[in-house]
Amino acid sequence: MSKLSDKMNKRVAALTPAAILTFNQKISTIPDIVKLTLGEPDFNTPEHVKQAAVKAIDDNKSHYTNSRGTDGLRQAAAGFLHKKYGLNYDPATQVLMTAGATGAIYSSLTAMLNPGDTVIIPTPIFPLYVPIVLLAGAKPVFVDTSDNGFVLSPEKLQAAIDANKGTVKAVILNFPNNPTGVTYHQDDLQKLADVISKYDMICLSDEIYSELTYDGTHVSMGTILPEQTLVMNGVSKSHAMTGWRIGMICGPEDIISEVAKVSEFTITSLATNTQAAAEEAFKNGMDDALPMKKEYLARRDLLVAGLAKAGFTCPNPNGAFYVFAKIPEGLNQNSEAFCYELAKEAKVALIPGSYFLPGGEGYVRISYAASEENLKKAVERIQKYVASKSISEK
């Protein structure tokens, strides 16, 4: 160990490795295991998108670009958001391309937070936001939504603001939600906007799964409270481009200009060929997600029905590609212990619900970004596992 290790940033030292990735690595060594762990689309990037990247390479587009993203990409991204969700952003001043949605989360929270600020985070939720808040010296305030259909109510939001009076800088929304698959509708968002609008605070709206909304049409918070909302999106889920690392954040010009500083100092600029690919995706792949969405929907229904037969219940997953299932009574209610047991005995890997913060214990997250064959195999193994436990108890 280096003699200088104790001189490192104490906020970094206090962080632990991502629990989801650590768990996934541990169970990956189990022979014949069916993994329904990570949120990784199992589809390939559309061919026309890949060819746009190839052309960019052939045309020697290998130099630095504007740190906010190429003009063409920002115009295409703004056009996509306008056509799909009725959002109106000036590509020159209100759109910032980032290194995936993760880059948008990091740059925006880093730009807006000061030590002592608080950030309201409805849970269960993907935990990535938390370490970034902590690195900024701010404090996450968790609001458990498990007793309200996994949706943040205006009453709960108001109570959190009142309890942290004078310190709340932002509230984070993630919908369709990871891990629950639950989304927010127009009325839900309007009620939250009515509360947020009374305070000098920002709504950070992570809508990366917007194109995978199954029941109705996705409504963006940016259409309801544009002057106080930063909308995050990208091509990772909509176009199966997780490894291309193209995200975006849009909002008021004065806020985006500050976020852009952090992004520039962090990455200088995005890879030129991946920007060309994303521009093609936004411009000529408006509906590339539709075939994937149709397949995801069939997988969701297969999974939910199979789990129900094994005694699992779950909120209606009307978006993304996750089922957040409640562990049946009679089985180990500690979600981490349950998932380790299931992996070792049934050779099925799920993610413990406790990793998604308050309200997640007693649940498991199951990704159906997997083949129908693997989902059927997993369901069969889970059913046999539950049945064997019931028999052994008798």
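The model shown is predicted, which means the values in this text are computed figures rather than measured ones. The residues of the chain are indexed from 1 along the displayed sequence.
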For Cys339 and Ile351, work out which heavy atoms get closest and say how close.
SG-C, 3.8 Å

Hey, does the side chain of Asp59 reach the backbone of Lys61 with a donor-acceptor pair shorter than 3.5 angstrom?
no

Any donor-acceptor N or O pair under 3.5 Å, side chains Ser197, Gln228
no

Nearest 0.5 Å, what's the NZ-CG distance between Lys293 and Asp288?
13.0 Å

Shared hydrophobic cluster, Met292 / Phe80 (ILVMFWY, side-chain heavy atoms < 4.5 Å):
no

Any side-chain to backbone donor/acceptor pair from Gln94 onto Gly251? Under 3.5 Å, distance only.
yes

Check whether the ring centres of Tyr363 and Phe356 lie less than 6.0 Å apart, and answer yes or no.
no

Just checking, is any N or O donor in the side chain of His82 or Asn88 under 3.5 Å from an acceptor N or O on the other one?
yes

Answer yes or no: is there a donor N or O on one side and an acceptor on the other, between the side chain of Asn374 and the main chain of Ser371, under 3.5 Å?
no

Between Asn164 and Thr167, a side-chain donor and acceptor under 3.5 Å
no

Ser28 side chain to Lys35 side chain, donor-acceptor N/O pair below 3.5 angstrom
yes

Rounded to the nearest 0.5 Å, what separation is found between the CG atom of Leu204 and the CG atom of Leu109?
5.5 Å

Only one of Asp194, Asp187, Asp188 passes side-chain hydrogen bond (donor to acceptor under 3.5 Å, both in side chains) with Lys191; say which it is.
Asp187

Modelled atom types, side-chain donor and acceptor of Asp144 and Ser146, under 3.5 Å:
yes

Within the side chain of Glu207, is there an N or O that forms a donor-acceptor pair under 3.5 Å with the backbone of Val231?
no

Rounded distance [0.5 Å steps], CG in Leu307 versus SG in Cys314:
7.0 Å

Are a donor atom and an acceptor atom from the side chains of Gln158 and Tyr199 found within less than 3.5 Å of each other?
yes

Interatomic distance, Asn174 atom CG to Ile208 atom CD1 [nearest 0.5 angstrom]
10.0 Å

Taking atom types as modelled and ignoring hydrogens, do the side chains of Ser335 and Ser354 form a donor-acceptor contact shorter than 3.5 angstrom?
yes

Set out, in order, the CA-CA distance, both residues' side-chain angles and the distance that settles salt bridge (Lys or Arg N to Asp or Glu O under 4.0 Å) for Asp287 and Lys83, then state yes or no.
CA-CA 11 Å; Asp287 296 323; Lys83 183 172 182 179; over 6 Å; no

Counting only N and O atoms by type, is there a donor-acceptor contact under 3.5 Å from the side chain of Arg365 to the main-chain atoms of Gly353?
no

CD/Glu372: more than 12 non-hydrogen atoms of other groups inside 6.0 Å
no

Would you compute the distance between atom CG of Asn177 and atom OG1 of Thr183 and round it to the nearest 0.5 angstrom?
8.5 Å

Nearest heavy-atom contact between Ser367 and Leu38 is OG-O, 3.1 Å

Using ring centroids (six-membered ring only for Trp), state whether Phe175 and His218 fall under 6.0 Å.
yes

Between Thr37 and Asn24, a side-chain donor and acceptor under 3.5 Å:
yes

Distance, nearest 0.5 Å, that separates CD1 of Ile125 from CG of Asp206
7.5 Å

Using the benzene-type ring in the case of Trp, are the ring centres of Tyr209 and Phe321 under 6.0 Å apart?
yes

Just by distance, do the side chain of Tyr368 and the backbone of Val304 share a donor-acceptor pair under 3.5 Å?
no

Could you tell me which non-hydrogen atom of Ile120 sits nearest to which non-hydrogen atom of Val168, and how far apart they are?
CD1-CG1, 3.9 Å

Tell me yes or no: between the side chains of Glu47 and Gln51, is some donor less than 3.5 Å from an acceptor?
yes

Going by atom types alone, do Tyr340 and Glu345 pair a side-chain donor with an acceptor below 3.5 Å?
no

I'd like to know if the side chain of Asn9 and the backbone of Arg11 have a donor-acceptor N/O pair within less than 3.5 Å.
yes

